[in-house]
Colleague: 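One structure, as structure tokens, below. Some questions next.
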Amino acid sequence: MTMMVRHGWFEIRLLFRRKLTLFSATVMPIGLCVLTWFGVRDRQPENWGSLLGDRFTMLMLLSVFMTSMTIYTARRQSLVLKRLRTTELTDAGVIGAITMPVVAMGVVQALAYFVFCLFLGAPMPTHPWLVVLGMAAGVLLTVTAGMATAALSKSVEATNVTSFPVLIGALAGLFMVGSGDEQVATAGSLMPLIGPSNLLAKGWSGFDTGFTPLTVDLGSTLLWAVLFAAVIGRFFRWEPRT
């Protein structure tokens, strides 16, 4: 455990040496804060939940997903994963050490954005436990999606293509859940990464927190977690893909 934490700290320092990662970790949250400042400062209290859910998904996609996908692919292709398996770290320890910085980055970014929105006038969450559940599920599911995408990518450059289905699916889901058509909104909830977003939004606003709506969101989250885990189990490699 100590060695995993030590390597995780090394990964944190290594993480921010890449300009793209530094951009995702700093500019993206700042950009969302600026958009919120100019666009929705006077938003009604009951509408903040949906906004926070949407922006949380965008943050996870453009920062955590892209970063985790790139890191796993780069570490594999540069033989880092293979070399780490020869150390005292177990396979789970290797994955944990590489994942830890990305998870920490996602949590800090989300909390910073939520605090900023509270400063702007967003109400306090109606169901804090549901907000925490949605945020935790969103960060972990996004990292899993990044790892699954990396498992299908032959190189860092190839992730520009392999990431497309997750990005398009999640962005389409964000538009669909806002539809006035109940069937379209339900279908949107089943898109990748939308389940945690809905949990967070409902926890913040207190709307649609009945058994059926929450079951759909939890079921969608679990479904995609199982799907991503299956892709990882089938295609993940410790050595470079050719």
Side-chain angles (χ1 to χ4, degrees), residues 5 8-71 96-147 166-167 170-171 173-174 192-206 217 221:
V5 173
W9 177 246
F10 172 76
E11 285 286 340
I12 290 177
R13 289 181 293 174
L14 193 62
L15 186 67
F16 294 105
R17 288 184 182 179
R18 298 184 68 254
K19 292 182 180 179
L20 180 60
T21 303
L22 187 62
F23 177 87
S24 298
T26 56
V27 177
M28 278 302 304
I30 293 174
L32 285 180
C33 289
V34 171
L35 287 176
T36 304
W37 172 267
F38 285 107
V40 292
R41 284 179 297 181
D42 300 324
R43 178 174 287 255
Q44 295 299 315
E46 62 271 16
N47 296 329
W48 273 98
S50 59
L51 169 74
L52 289 167
D54 290 352
R55 296 292 166 83
F56 173 71
T57 300
M58 292 174 62
L59 187 61
M60 293 298 101
L61 276 175
L62 300 178
S63 181
V64 176
F65 172 66
M66 302 297 288
T67 301
S68 61
M69 174 185 64
T70 303
I71 286 178
I98 294 176
T99 303
M100 188 190 310
V102 185
V103 171
M105 181 182 72
V107 171
V108 170
Q109 287 178 329
L111 289 177
Y113 180 69
F114 295 157
V115 169
F116 179 80
C117 289
L118 289 172
F119 172 76
L120 285 186
M124 292 297 293
T126 304
H127 304 296
W129 67 272
L130 197 54
V131 172
V132 173
L133 176 62
M135 186 176 73
V139 172
L140 295 177
L141 187 61
T142 307
V143 171
T144 306
M147 189 174 179
V166 175
L167 290 172
L171 293 176
L174 289 178
L193 310 182
I194 301 302
S197 170
N198 284 346
L199 290 174
L200 190 150
K202 292 170 182 177
W204 208 290
S205 65
D217 297 328
T221 302

Colleague: Can you list everything that forms a side chain to side chain contact (heavy atoms under 4.5 Å, CB included) with Ala136? Sequence neighbours excluded, please.
Modeller: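 Applying side chain to side chain contact (heavy atoms under 4.5 Å, CB included) to Ala136 gives none.
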Colleague: Before you tell me yes or no, could you show the steps for Gln109 and Val64 under side chain to side chain contact (heavy atoms under 4.5 Å, CB included), namely the whole-Å CA-CA distance, both residues' side-chain angles and the distance that decides it to 0.1 Å?
Modeller: CA-CA 10 Å; Gln109 287 178 329; Val64 176; 4.3 Å; yes
Colleague: Salt bridge (charged side-chain N to carboxylate O under 4.0 Å, His left out): which pairs involve residues 194-204, sequence neighbours left out?
Modeller: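 Residue pairs passing salt bridge (charged side-chain N to carboxylate O under 4.0 Å, His left out), neighbours aside: Lys202-Asp217.
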Colleague: What are the two closest non-hydrogen atoms of Pro101 and Ile98, and how far apart are they?
Modeller: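 That would be CD-O, 3.3 Å.
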Colleague: Kindly compute the distance separating CE (Met105) from CG (Leu59), expressed to the nearest 0.5 Å.
Modeller: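 So the gap between those two atoms works out to 8.5 Å.
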Colleague: Not counting sequence neighbours, which residues clear side chain to side chain contact (heavy atoms under 4.5 Å, CB included) with Leu174? List them please.
Modeller: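 Partners of Leu174 by the side chain to side chain contact (heavy atoms under 4.5 Å, CB included) criterion, ordered by chain and then number, come out as Asp54, Thr57, Met58, Leu171, Ile194, Ser197.
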Colleague: Of all residues at least two apart in sequence or in a different chain, which pass the ring-ring contact (aromatic ring centres under 6.0 Å, His included) check with Phe116?
Modeller: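 Expected list: none.
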Colleague: For Ala110, what residues pass the side chain to side chain contact (heavy atoms under 4.5 Å, CB included) criterion, not counting sequence neighbours?
Modeller: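 With neighbours one apart ignored, the set is Phe56, Phe114, Met135.
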Colleague: What closest approach, in Å, do Leu61 and Ala170 show between heavy atoms, and which atom pair accounts for it?
Modeller: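 Looking at all heavy atoms of both residues, the closest pair is CD1-CB, 3.5 Å.
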Colleague: Applying side chain to side chain contact (heavy atoms under 4.5 Å, CB included), can you list everything that pairs with Thr144, at least two apart in sequence or on another chain?
Modeller: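 Side chain to side chain contact (heavy atoms under 4.5 Å, CB included) check on Thr144 returns Phe228, Ile232.
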Colleague: Is there a donor-acceptor pair closer than 3.5 Å between any side-chain N or O of Ser68 and the backbone N or O of Phe65?
Modeller: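 Here the side-chain-to-backbone pair exists.
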Colleague: Between Thr221 and Pro196, what is the shortest heavy-atom contact and its length?
Modeller: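 In this case the closest contact between Thr221 and Pro196 is OG1-CD, 3.2 Å.
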Colleague: Under the salt bridge (charged side-chain N to carboxylate O under 4.0 Å, His left out) rule, what pairs show up with a residue in residues 119-138, not counting sequence neighbours?
Modeller: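 For residues 119-138, and leaving out neighbouring residues, there are no salt bridge (charged side-chain N to carboxylate O under 4.0 Å, His left out) pairs at all.
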Colleague: What heavy-atom pair brings Pro125 and Val131 nearest, and what distance separates the two atoms?
Modeller: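 Nearest heavy atoms, Pro125 then Val131: CB-CG2, 3.8 Å.
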Colleague: Could you go step by step and tell me if Met69 and Val166 meet the side chain to side chain contact (heavy atoms under 4.5 Å, CB included) rule?
Modeller: CA-CA 11 Å; Met69 174 185 64; Val166 175; over 6 Å; no
Colleague: Can you see which heavy atom on Ser205 is nearest to which on Gly49, and at what distance?
Modeller: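 It is CB-CA, 4.1 Å.
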Colleague: Would you say the side chain of Leu130 lies within less than 4.5 Å of the side chain of Leu133, judging by non-hydrogen atoms?
Modeller: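 They are in side-chain contact.
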Colleague: What's the separation between atom OG1 in Thr67 and atom CE in Met60, rounded to the nearest 0.5 Å?
Modeller: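 Thr67 atom OG1 to Met60 atom CE measures 10.0 Å (nearest 0.5 Å).
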Colleague: Any sub-3.5 Å donor-acceptor pair from Trp204's side-chain atoms to Pro128's backbone N or O?
Modeller: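 Not a single qualifying donor-acceptor pair exists.
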Colleague: Would you list the pairs meeting side chain to side chain donor-acceptor pair (under 3.5 Å) in which at least one residue belongs to residues 118-128, sequence neighbours left out?
Modeller: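 Checked against side chain to side chain donor-acceptor pair (under 3.5 Å) - neighbours excluded - no pair reaches residues 118-128.
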